[in-house]
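Some notes on the structure that comes next.
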Amino acid sequence: MTDDRTFALVADERRRLADRLDTLPPGAWELATGCGDWTVREVAGHLTAGWNVSIPRFVLGLVRARGSFHRANARFGRELGARPPAEIVADLRANAEHRFTPPGAGPEAPLSDVLVHSHDIGAAVGWTVEVDPAVTVLVMDRAVAPSAARITGGQIAEGYSLRADDVTWRHDQPGRPTLSGPVRDLLLVVFGRLPIDHLDQHEPLS
């Protein structure tokens, strides 16, 4: 898939999320999510960081966080999430087509971000988040790359073979046990949103 097409998917998912966020009652913005201790408000704020936080500002935040990517990310999420919900939603919608990517990453990175965090918000507020499995496959291709270990935690992608049973996608690692299930569930397990026992486990590949 071309970068232009992937960026178009990013824009679609941002707009879809903005439309749903518009329907949230005020109290829902303060609900806890499955992304650490972030609230819905902070997750939504984080999704606008790509165009609100410059690289120099993020580097400074990283220094202040003593090199912790996750602490720096959380701080900016809290700052951006402190805005009124209507402002956060308007920002997400207005910048849906923004093409920021982290240094060295392609458009699959912001696609991963918006898909996983849409699931975080959906789980907190009771939404069912439906995503085309073919789009989730793009995210899974990135999720199993060594460069993504900082984001996913790395333990699942490094320790297991993975196999989707609803689309044609697999990540084989000989000698490792295989986890299988719908590609959506594989995504949520790899990113730490579901426990491993949510998937079927099989003997290691020979």
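It should be emphasised that the depicted structure is a prediction, and the values quoted were computed from it without experimental measurement.
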Which pairs, with at least one residue in residues 27-51 and sequence neighbours excluded, count as a salt bridge (Lys or Arg N to Asp or Glu O under 4.0 Å)? Glu30-Arg41

Residues 110-138 vs salt bridge (Lys or Arg N to Asp or Glu O under 4.0 Å), sequence neighbours excluded, gives Asp120-Arg193

Minimum heavy-atom separation for [X] to [Y], with atom names?
{"X": "Ala18", "Y": "Val89", "value": "O-CG1, 3.5 Å"}
{"X": "Ala32", "Y": "Ala124", "value": "O-CB, 3.3 Å"}
{"X": "His117", "Y": "Cys35", "value": "CE1-SG, 3.6 Å"}
{"X": "Val114", "Y": "Glu13", "value": "CG1-CB, 3.7 Å"}
{"X": "Thr101", "Y": "Pro110", "value": "CG2-CD, 4.0 Å"}
{"X": "Leu179", "Y": "Gln201", "value": "CD2-OE1, 3.8 Å"}

Is a side-chain donor or acceptor of [X] paired with a backbone partner of [Y] at a separation under 3.5 angstrom?
{"X": "Asp166", "Y": "Val183", "result": "yes"}
{"X": "Thr33", "Y": "Val40", "result": "no"}
{"X": "Arg20", "Y": "Trp127", "result": "no"}

What's the spacing between [X] [atom1] and [Y] [atom2] if we round to 0.5 Å?
{"X": "Leu199", "Y": "Arg163", "atom1": "CG", "atom2": "CZ", "answer": "11.0 Å"}
{"X": "Arg64", "Y": "Leu62", "atom1": "CZ", "atom2": "CG", "answer": "12.0 Å"}
{"X": "Leu17", "Y": "Arg93", "atom1": "CG", "atom2": "CZ", "answer": "9.5 Å"}
{"X": "Asp185", "Y": "His198", "atom1": "CG", "atom2": "NE2", "answer": "4.0 Å"}
{"X": "Ile121", "Y": "Leu31", "atom1": "CD1", "atom2": "CG", "answer": "11.0 Å"}
{"X": "Leu115", "Y": "Arg16", "atom1": "CG", "atom2": "CZ", "answer": "8.5 Å"}

Heavy-atom side-chain contact between [X] and [Y] under 4.5 Å:
{"X": "Phe100", "Y": "Val10", "value": "no"}
{"X": "Val139", "Y": "Val131", "value": "no"}
{"X": "Leu186", "Y": "Tyr160", "value": "no"}
{"X": "Trp169", "Y": "Val144", "value": "yes"}
{"X": "Asp165", "Y": "Pro182", "value": "yes"}
{"X": "Leu188", "Y": "His119", "value": "yes"}
{"X": "His202", "Y": "Ser161", "value": "no"}
{"X": "Thr2", "Y": "Phe7", "value": "no"}

Residues in side chain to side chain contact (heavy atoms under 4.5 Å, CB included) with Asp197, at least two apart? Pro195

Treat each ILVMFWY residue as a node, draw an edge where side-chain heavy atoms are under 4.5 Å apart, and state whether Val53 and Val59 are in one component. no

Common cluster, Leu60/Leu80, ILVMFWY with side-chain heavy-atom separation under 4.5 Å: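 Different hydrophobic clusters.
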
Please assess Arg71 against Arg66 for the test side chain to side chain contact (heavy atoms under 4.5 Å, CB included), listing each intermediate value before the final yes or no. CA-CA 9 Å; Arg71 282 200 298 269; Arg66 298 181 181 180; 3.8 Å; yes

Should Val135 and Asp12 be marked as a side chain to side chain contact (heavy atoms under 4.5 Å, CB included) after you check the CA-CA gap, both sets of side-chain angles, and the distance that decides it? CA-CA 11 Å; Val135 177; Asp12 288 345; over 6 Å; no

Under the salt bridge (charged side-chain N to carboxylate O under 4.0 Å, His left out) rule, collect the residues that match up with Arg99, sequence neighbours excluded. Asp4

Restricting to salt bridge (charged side-chain N to carboxylate O under 4.0 Å, His left out), what partner residues turn up for Arg15, sequence neighbours left out? Glu97

Which residue pairs pass the side-chain hydrogen bond (donor to acceptor under 3.5 Å, both in side chains) test with at least one member in residues 77-92, sequence neighbours excluded?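 The answer is Thr48-Arg83, Trp51-Asp91, Asn52-Asp91, Arg57-Glu79, Arg75-Glu79, Arg83-Asp91, Asp91-Asn95.
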
